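Below: the structure, in structure tokens.
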Amino acid sequence: MSSSSVAARLAQLGITLPPVAVPAAAYVPFVQTGSLVFLSGHIAKKDGKPWVGQLGLTMTTEEGQAAARAIAIDLMGTLQAAAGGDLDRVARIVKVMSLVNSTPTYTEQHLVTNGCSELLGQVFGPQAGAHARSAFGVAQIPLGACVEIELIAELKA
């Protein structure tokens, strides 16, 4: 990829990355060890507030996908900070873990998580954007958010 490819793809998609959010508890937004950077879980936000809802009760799968896509944008903002302001330093998105606030009978957590995974693939391309993934249904997420996602990425030196 050229040095402007990630920024160009974001611009093409009409995406402006937010600054790193200030943690609301006793943790840091990311930790780097070696070439790997671990991003703390990011909850879905809508209009700057927690995107509250439960899949299978108050939200559809499509709404959950939109929430997961919004998280991907926030995650990329944090990843950009971790990469010293240059997302072209991302060698690979290694792993995404998604927690979906859902009813006991809801079984489309993987489809919700696609909202994040597909955007990462669009932005970083088929090689660097392809990643391992887990998607879980959980009884509740902090602040009543509908989705929380964490990410591991590998950075180039």
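These numbers were taken from a predicted model, which means no experiment stands behind them. Because only heavy atoms are used, hydrogens play no part in the values below, and waters and symmetry mates are left out as well, while side chains stay in.
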Point-to-point distance, once rounded to the nearest 0.5 Å, from CD of Gln12 to OG of Ser5: 11.0 Å
Candidate pair Ser98 and Glu148, rule side chain to side chain donor-acceptor pair (under 3.5 Å), full reasoning: CA-CA 6 Å; Ser98 173; Glu148 179 175 353; over 6 Å; no
Glu150 and Leu39, any side-chain heavy atoms less than 4.5 Å apart: no
Smallest separation among heavy atoms of Trp51 and Met59, with atom names: NE1-CE, 3.5 Å
From OG1 (Thr113) to CD (Gln109), nearest 0.5 Å: 7.5 Å
Any Tyr106 side-chain heavy atom under 4.5 Å of Val112 side chain: yes
Closest contact, heavy atoms only, Met76 versus Leu87: O-CD2, 4.0 Å
Leu13 side chain near Leu119 side chain, heavy-atom distance below 4.5 Å: yes
Pair Val90-Val6, side-chain contact (heavy atoms from CB on, under 4.5 Å): steps then yes or no: CA-CA 9 Å; Val90 174; Val6 173; over 6 Å; no
Pairwise distance CG(Leu120) to CG(Leu79) - rounded to 0.5 angstrom: 9.0 Å
Among Gln122, Gln65, His131, His110, the one residue meeting side chain to side chain donor-acceptor pair (under 3.5 Å) with Ser117: His131
Those residues that, when tested against Asp74, pass side chain to side chain donor-acceptor pair (under 3.5 Å) (two or more places apart): none
Nearest-0.5 Å distance that lies between atom CG in Leu155 and atom CG in Asp88: 11.5 Å
Spacing of Asp86 atom CG and Gln80 atom CD [to the nearest 0.5 Å]: 8.0 Å
Within one Ile-Leu-Val-Met-Phe-Trp-Tyr cluster: Ile43 and Val96, side-chain cutoff 4.5 Å: no
Option among Thr78, Val147, Ile149 that satisfies the side-chain contact (heavy atoms from CB on, under 4.5 Å) test with His42: Thr78
Contact check, side chains of Leu17 and Ile73, non-hydrogen atoms, under 4.5 Å: yes
Minimum side-chain heavy-atom gap Cys146-Leu55 below 4.5 Å: yes
Arg69-Asn114 side chain donor-acceptor pair, cut-off 3.5 Å: no
Same apolar cluster (I L V M F W Y, side chains within < 4.5 Å links), Ile71/Val52: no
Between OG on residue Ser40 and CG on residue Leu151, distance to nearest 0.5 Å: 11.0 Å
Residue Lys95 excluded, over 12 heavy atoms near NZ under 6.0 Å: yes
Atom of Pro29, atom of Pro23 and distance for their closest heavy-atom approach: CD-CG, 3.7 Å
Residue pair Val100 / Phe136, side-chain heavy-atom distance below 4.5 Å: no
4.5 Å side-chain heavy-atom contact, Val37 and Val31: no
Counterpart residues, side chain to side chain donor-acceptor pair (under 3.5 Å), relative to Gln54 (two or more places apart): Asn101
Student check: side-chain heavy atoms of Thr33 and Phe38 closer than 4.5 Å: yes
Heavy-atom donor-acceptor pair, Glu118 side chain to Gly115 backbone, under 3.5 Å: no
Partner residues of Thr58 under the side chain to side chain donor-acceptor pair (under 3.5 Å) criterion, sequence neighbours left out: none
Side-chain (Arg92) to main-chain (Ala130) donor-acceptor, under 3.5 angstrom: yes
